[in-house]
Amino acid sequence: MGYFLLILATLSWSFVGILVKTAAAMVDSTTITFARFGIGIVFLGIWLLLRHRRLSLDIGMKWIWIGVIGKCCNYFFENMALSIGSSYGNILVGPLQTVLLLIISAFVFKEYVSGRGWMAAGLCVAGVVTISWNGLPIGEVLTSNGLVTVLYMLSAVGSALHVLSQKMLIQSMDTGKMNFSVFFWCSVLMALPLPFQAHMTGPVNGWGIMALIGLGLITGLSFNWFAQAMKRVSFTVAILVSNSSILFTIVWSYLFFHDRITLYILGGAGMFIGGILLLNWPMKRARIKELEA
């Protein structure tokens, strides 16, 4: 069951790019962001009712609101970038988030970061730069890919804040209840600009509607699938499988939208997959004991 949930979560994350791109042909990015949260809490609420027979909503905790602001920024800027860029572009968010969290750990929380950690960060940055460049002339990179990369950087900042809030909240809250509170208030916050920004970008169609529902399902349940999987499979397997979503995202991008996949994209993806694995790969027991001595 653990492996099934892990694969389910990984595959669902890999489909985000093409689902957002499909929905963007029908509605604007702000509406997509609201739908991801609004539909997501419906699925999550049903799951929590089946499991706990009740729903609880927290409003007063500081880290809840930090998570809300972070996740709103994460989805808002990611959806905007996907709407105007390629359907695989959101693979940049993960490595950028990894680097930001490493920097925050080192300079804000004063935690020790090993040489391996900084090497991993360097690989992630090199991968992001390689994909953003994609072999194009510098002028073209700055005028087209540059804007999209900035949007993904802002999305990564939001994602990092959300991860930090989860790290603080998980000590006192159940994962499902925590996500329900954060996603509920995210949906409320993202509903505020809808009267001014929401508009149709194309005709209403079944594919667009199903894409919005799919995004809501992923938002509502994928994090809980992954959390449940982590209790049943080894950490090493979880890291390996979950990071394979980057490769699946590239494959879906090519198959569904015929995005041009160059050696720069494959090479950059390889770099930051290597960086993320290097950072998260468990150290040998003997080495750990040596460091603790």
Side-chain angles (χ1 to χ4, degrees), residues 8-9 11-49 55 57 64-65 67-91 93 148 151-152 154-156 158-159 161-162 165-166 176-226 245 249 252-253 256-257:
L8 191 59
L11 285 177
S12 66
W13 293 332
S14 73
F15 278 108
V16 167
I18 63 169
L19 290 175
V20 171
K21 201 72 175 174
T22 300
M26 185 178 73
V27 293
D28 63 286
S29 59
T30 303
T31 302
I32 294 172
T33 304
F34 168 76
R36 290 179 74 172
F37 291 124
I39 298 173
I41 60 171
V42 172
F43 284 113
L44 182 55
I46 293 172
W47 182 79
L48 288 173
L49 284 173
L55 297 175
L57 191 64
I64 286 286
W65 288 102
V68 168
I69 293 170
K71 202 60 183 173
C72 283
C73 290
N74 173 208
Y75 277 6
F76 179 75
F77 291 115
E78 179 185 59
N79 293 336
M80 188 183 299
L82 283 168
S83 297
I84 63 177
S86 59
S87 58
Y88 61 79
N90 60 324
I91 63 175
V93 176
V148 174
L151 291 174
Y152 283 126
L154 294 173
S155 176
S159 182
L161 286 175
H162 179 241
S165 77
Q166 286 186 311
K177 295 177 182 178
M178 174 185 68
N179 286 334
F180 184 80
S181 293
V182 171
F183 294 157
F184 177 86
W185 295 117
C186 282
S187 66
V188 171
L189 195 61
M190 290 311 304
L192 297 178
L194 286 181
F196 312 100
Q197 295 188 16
H199 62 275
M200 304 300 297
T201 57
V204 176
N205 60 83
W207 288 113
I209 294 172
M210 285 191 290
L212 290 175
I213 294 173
L215 287 166
L217 177 65
I218 291 169
T219 296
L221 299 181
S222 65
F223 297 101
N224 289 290
W225 292 336
F226 187 72
S245 65
T249 297
W252 307 147
S253 176
F256 289 96
F257 285 97

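None of these values were measured; they are calculated from a predicted model. Just so it is clear, the values below take in all heavy atoms, side chains as well, and ignore hydrogens, waters and symmetry mates.
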Between C73 and G158 the two heavy atoms that sit nearest each other are CB-CA, 4.0 Å
Notebook entry, point to check: Is the closest side-chain heavy-atom distance between I91 and Y152 below 4.5 Å?
Noted result: no
Exercise for the section: May I ask you to test the N179-Q166 pair for a side-chain heavy-atom distance under 4.5 Å? Expected result: yes
On a heavy-atom basis, the closest approach of G176 and L44 is O-CD2, 3.9 Å
Result for side chain to side chain contact (heavy atoms under 4.5 Å, CB included) between V16 and one of L19, I18, V20 points to V20
message = So L151 and F76, do their side chains get closer than 4.5 Å, heavy atoms only?
response = no
In terms of heavy-atom contacts, G67 and S165 come closest through CA-OG, 3.2 Å
Q. Ignoring hydrogens and geometry, is there a side-chain-to-backbone donor-acceptor pair from T201 to M26 under 3.5 Å?
A. yes
In terms of heavy-atom contacts, A35 and L212 come closest through CB-CD2, 3.9 Å
So salt bridge (charged side-chain N to carboxylate O under 4.0 Å, His left out) across residues 19-28, not counting sequence neighbours, yields none
For residues 69-82, the side chain to side chain donor-acceptor pair (under 3.5 Å) pairs (sequence neighbours left out) are T33-N79, R36-E78, R36-N79, K71-N74, N74-S155, Y75-T219
Heavy-atom closest pair (I213 atom, F43 atom, distance to 0.1 Å) is O-CE1, 3.9 Å
Is there a side chain to side chain contact (heavy atoms under 4.5 Å, CB included) between I69 and W185 once you walk through the steps?
CA-CA 9 Å; I69 293 170; W185 295 117; over 6 Å; no
Under the 3.5 angstrom rule, does the side chain of T249 hit a backbone N or O of S245 as a donor-acceptor pair?
yes
Here the gap from L192 atom CG to F34 atom CZ, rounded to the nearest 0.5 Å, amounts to 10.0 Å
Between the CG atom in N205 and the OG1 atom in T22, the distance rounded to the nearest 0.5 Å is 8.5 Å
In the structure I gave you, are the side-chain heavy atoms of L217 and I39 within less than 4.5 Å of one another anywhere?
no
CG of L82 to OH of Y88, rounded to nearest 0.5 Å, is 11.5 Å
Beyond-backbone contact of F37 with C72, side-chain heavy atoms, under 4.5 angstrom: yes
Separation between CD1 (I64) and CZ (F184), nearest 0.5 Å, reads 12.5 Å
When rounded to the nearest 0.5 Å, the distance separating CH2 of W65 from SG of C186 is 9.0 Å
CZ (F196) and OG1 (T30) are apart, to the nearest 0.5 Å, by 12.0 Å
Quick note, salt bridge (charged side-chain N to carboxylate O under 4.0 Å, His left out) partners involving residues 198-226, not counting sequence neighbours, are none
Point to revise | Polar contact flag, side-chain donor to acceptor under 3.5 angstrom, S14-W252 | key: yes
Do the side chain of S181 and the main chain of L57 share a donor and acceptor less than 3.5 angstrom apart?
-> no
